[in-house]
Structures are given as structure tokens and as C-alpha cells.
Amino acid sequence: MTELVLSETRERVAVLTLNRPDKLNALNYALIDRLLALLDLIETDDGVRAVILTGAGERAFSAGADIREFSLSVAEGTDVALRDFVTRGQRLTARLEAFRKPVIAAVNGLAFGGGCEIAEAVPLAIASDRALFAKPEIKLAMPPTFGGTQRLPRLAGRKRALELLLTGDAFSPARALELGLVNQVVPHGQLMPAALDLARRIASHSQAVVTSILAAVARGLNQTIAEGLLVEAEQFARMAPTADLGEGLAAWLGRQRPTWDGSWTHITRPDETRRVARGRDSLTPQKSKPNG
Ligand code: COA
């Protein structure tokens with residue numbers, strides 16, 4: 001049977017490819033479940049430092065939820081549709097949003113409906129100049145269900161989001177960039193190199209601090225600023241006793257390149273910090289000089 005999500009690891013970056021190209025990578029239940037299962041595996045795989053999510057084929061990242069399949073759930077009744085369709089999709093986007101390793105959407109083509117909602121939920125996204133985005137659910141007389149009424153207004157602002165939600169009009173990668181939905185737009189052939197380059201630049205840092213920053217932003221974003229600042233302080237407190245923070249500071253002060261431990265190992269004596277960090281294998285060959 002064809003794999004619904006292809007998975008390969010390139011230089012500690014897991015590349016997950018939505019793989020229903022003849023259906024424009026529409027998100028059926030089995031594909032969503034497979035993607036969730038792969039994320040579970042990747043989260044605890046120390047060999048993977050970042051994830052790139054893309055779509056198979058020439059046309060689509062994803063044309064959204066599988067309309068044929070979820071229309072059967074709707075026909076079975078509201079409770080079934082909420083359980084099988086809405087909750088499942090929201091679980092996926094929430095998982096991507098709060099994932100402990102950086103997830104980069106490499107939007108290679110159409111990102112409609114749930115495909116656009118994935119791009120909204122992931123922490124980072126790069127679009128090909130051939131990408132096309134839309135929030136077409138209104139044409140089916142339904143609101144978006146995988147977070148599309150919630151995340152886009154937070155990302156792009158209420159009026160900009162509402163125009164897209166209420167018209168269903170497709171929008172260009174350049175517009176997606178303006179709206180803050182993607183970080184970069186690149187020529188189509190440069191999409192995977194650009195995504196891999198971004199993943200590698202992130203992976204060159206301490207894995208613990210990458211997790212910490214992702215958690216601070218994901219958890220703090222929808223809080224008040226006062227609560228968000230507490231989340232930030234908590235993340236600092238979590239990093240403070242680690243070998244990596246000791247190493248980062250000592251390396252900067254000594255004008256040396258840091259060697260990351262990458263773990264949450266807590267050092268009890270500050271003078272132990274550098275010795276412990278130095279004693280482990282380098283996870284990260286550093287190319288550049290340390291900076292502040
Ligand atoms: N769910 C299920 N199947 C889908 C799909 C979706 N969201 N989007 C595309 N497909 C399938 C089509 O049924 C078709 O398969 P088939 O030939 O077996 O019927 C195949 O993918 C190609 O799509 P097609 O519609 O023929 O391509 P197109 O170029 O004419 O149109 C779109 C492209 C994206 C405009 C159109 O497919 C579309 O409107 N898709 C639905 C988008 C949407 O509303 N998403 C949100 C759902 S909540």
C-alpha cells in the first residue's frame with residue numbers, strides 16, 4: 001500500500017511528505033493519523049533536530065481536508081463529524097504548533113483549507129513562488145475547522161484574515177509573506193534547499209534552547225503579556241542550570257566556539273559546567289564565531 005506520508009531523514013532533519021498527489025494531498029483521516037504517529041516518533045528521536053513538511057507532486061502542498069470523507073461523517077451526524085473530523089484536524093494543527101522541535105512547512109503548491117491551516121499552525125514556513133493559498137471553506141457553507149478562524153486573525157490581523165475567510169479568494173505567496181503566514185518566498189527549485197538551510201541554521205544551536213524558545217512562544221503567544229513573561233522566565237529558569245547555558249556563556253567569554261551538550265542535564269556546581277559540556281561529543285560542529 002502507498003505510504004500516505006513519506007518520511008526520510010537528511011542530516012538530522014526529518015522530511016515528511018504528504019503523499020496523495022492525485023488528490024492534491026487532501027488530508028484524509030488515515031493521512032492525519034499517520035502524520036500524528038510520525039510526529040510522536042520524531043519527538044523522541046535524538047537523531048532528528050528539525051522537521052520539514054511538504055507535499056508530493058507538482059501541484060499541491062495540500063488542498064485541505066478530504067471533502068469526500070468528511071462529508072460522510074457529517075451525514076452521520078454532528079457528534080460523529082466533530083469527533084472524527086474536527087477534533088482530529090485540530091489535534092494535528094495543535095500538535096504542529098506546540099511541537100518540541102522546529103517544524104518548517106515547505107509550501108510547494110496549493111495550500112487550501114486544511115493545507116493553509118497547517119501553514120498557519122507551524123512555527124516556520126517557506127513558500128515556493130508557485131504556491132497558492134486559500135480559505136475556501138465558506139464556499140462549502142462551513143467555517144474552517146482546523147484552527148483557521150483562530151490562528152490567521154492572530155497572525156495577520158482581524159480584518160485581513162476576515163477578508164480571506166469571508167471571500168474564499170485565493171492569494172499569492174507574496175500576499176502570504178505580507179500577512180506573516182510565511183517567512184520567505186523562494187523560486188520553486190530553491191524550496192527544499194531553503195528549508196534545509198533554515199533547519200540546519202536552527203540545528204546549529206543547543207537543542208535544549210531551541211525547545212525552550214519554541215515552548216515559550218507557543219505557550220506565551222495567546223496569554224496576556226504578564227503571563228507570557230512568566231512563561232519566558234520559567235523557560236530561562238529551566239535553561240539556567242543546564243550545561244549548555246554554562247557552555248554558551250563560558251565560550252563567549254573565552255572567545256571560543258561552544259560545544260553543545262543538548263540535554264536538559266542540570267549542573268549543580270557552576271565550575272562543573274564547562275568540564276561536563278566539553279566532555280561530551282559535539283552535537284554541533286560550529287562554523288561561526290560565538291556571538292552575543
Ligand atoms: N478533498 C478531497 N479530494 C480533493 C480535494 C479535497 N479537499 N481537493 C482536491 N481533491 C481531489 C479531486 O476530487 C480530484 O480527484 P478525482 O479526480 O479523483 O475527483 C483531484 O483531487 C484533483 O482535483 P481537481 O478538483 O480535479 O483539480 P482542479 O485543478 O480542477 O481544482 C482545486 C483544484 C483545489 C480548486 C479543487 O480541487 C478544490 O476546490 N478542492 C477543494 C479545496 C477545499 O475546499 N478545501 C477545503 C476543504 S474543507
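Every number for a ligand or one of its atoms is a count from 1 in the order of the listing. Position 1 is the first residue of the sequence, and the numbers go up from there.
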Go through ligand 1 atom by atom and flag the ones less than 4.0 Å from a non-hydrogen atom of [X].
| X | answer |
| --- | --- |
| Asp66 | 1 (N), 2 (C) |
| Leu110 | 34 (C) |
| Glu137 | 48 (S) |
| Phe112 | 34 (C) |

From [atom], is the closest protein heavy-atom distance below 4.0 Å?
| atom | result |
| --- | --- |
| atom 38 (C) of ligand 1 | no |
| atom 7 (N) of ligand 1 | yes |
| atom 10 (N) of ligand 1 | yes |
| atom 30 (O) of ligand 1 | no |
| atom 45 (N) of ligand 1 | yes |

Give me the nearest non-hydrogen protein atom to [atom] as residue plus atom name, then the distance to 0.1 Å.
| atom | value |
| --- | --- |
| atom 1 (N) of ligand 1 | Ile67 N, 2.9 Å |
| atom 5 (C) of ligand 1 | Ala26 CB, 4.0 Å |
| atom 27 (O) of ligand 1 | Arg59 NH1, 3.6 Å |
| atom 13 (O) of ligand 1 | Arg68 NH1, 3.2 Å |
| atom 24 (P) of ligand 1 | Leu24 CD1, 4.5 Å |

Give, for atom CD1 of Ile67 and atom CG of Leu27, the distance between the pair rounded to the nearest 0.5 Å.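 If I round to the nearest 0.5 Å, the distance is 11.0 Å.
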Salt-bridge contact Glu76-Arg83 (side-chain N to carboxylate O under 4.0 Å):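 Arg83 and Glu76: not salt-bridged.
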Ignoring hydrogens and geometry, is there a side-chain-to-backbone donor-acceptor pair from [X] to [Y] under 3.5 Å?
| X | Y | answer |
| --- | --- | --- |
| Ser212 | Ala208 | no |
| Arg88 | Asp84 | yes |
| Gln90 | Thr145 | yes |
| Asn183 | Ala125 | yes |
| Glu69 | Tyr29 | yes |
| Asn19 | Leu6 | no |

Which residue is it: Val86, Ile32, Ile118, Leu92? I am looking for the one with a side chain to side chain contact (heavy atoms under 4.5 Å, CB included) to Phe146.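 With Phe146 as partner, side chain to side chain contact (heavy atoms under 4.5 Å, CB included) holds for just one option, Ile32.
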Cut-off 3.5 Å, side chains only: do Arg154 and Gln150 have a donor facing an acceptor? yes
One residue to check: [X]. Relative to ligand 1, which of side chain, backbone, both or neither has a non-hydrogen atom less than 4.0 Å away?
| X | value |
| --- | --- |
| Ala63 | both |
| Asp22 | backbone |
| Lys23 | both |
| Lys139 | neither |

If you count heavy atoms of other groups shown closer than 6.0 angstrom to CD of Glu163, is the number above 12?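 Counting neighbours around CD of Glu163, 12 or fewer heavy atoms of other residues, nucleotides or ligands fall under 6.0 Å, so no.
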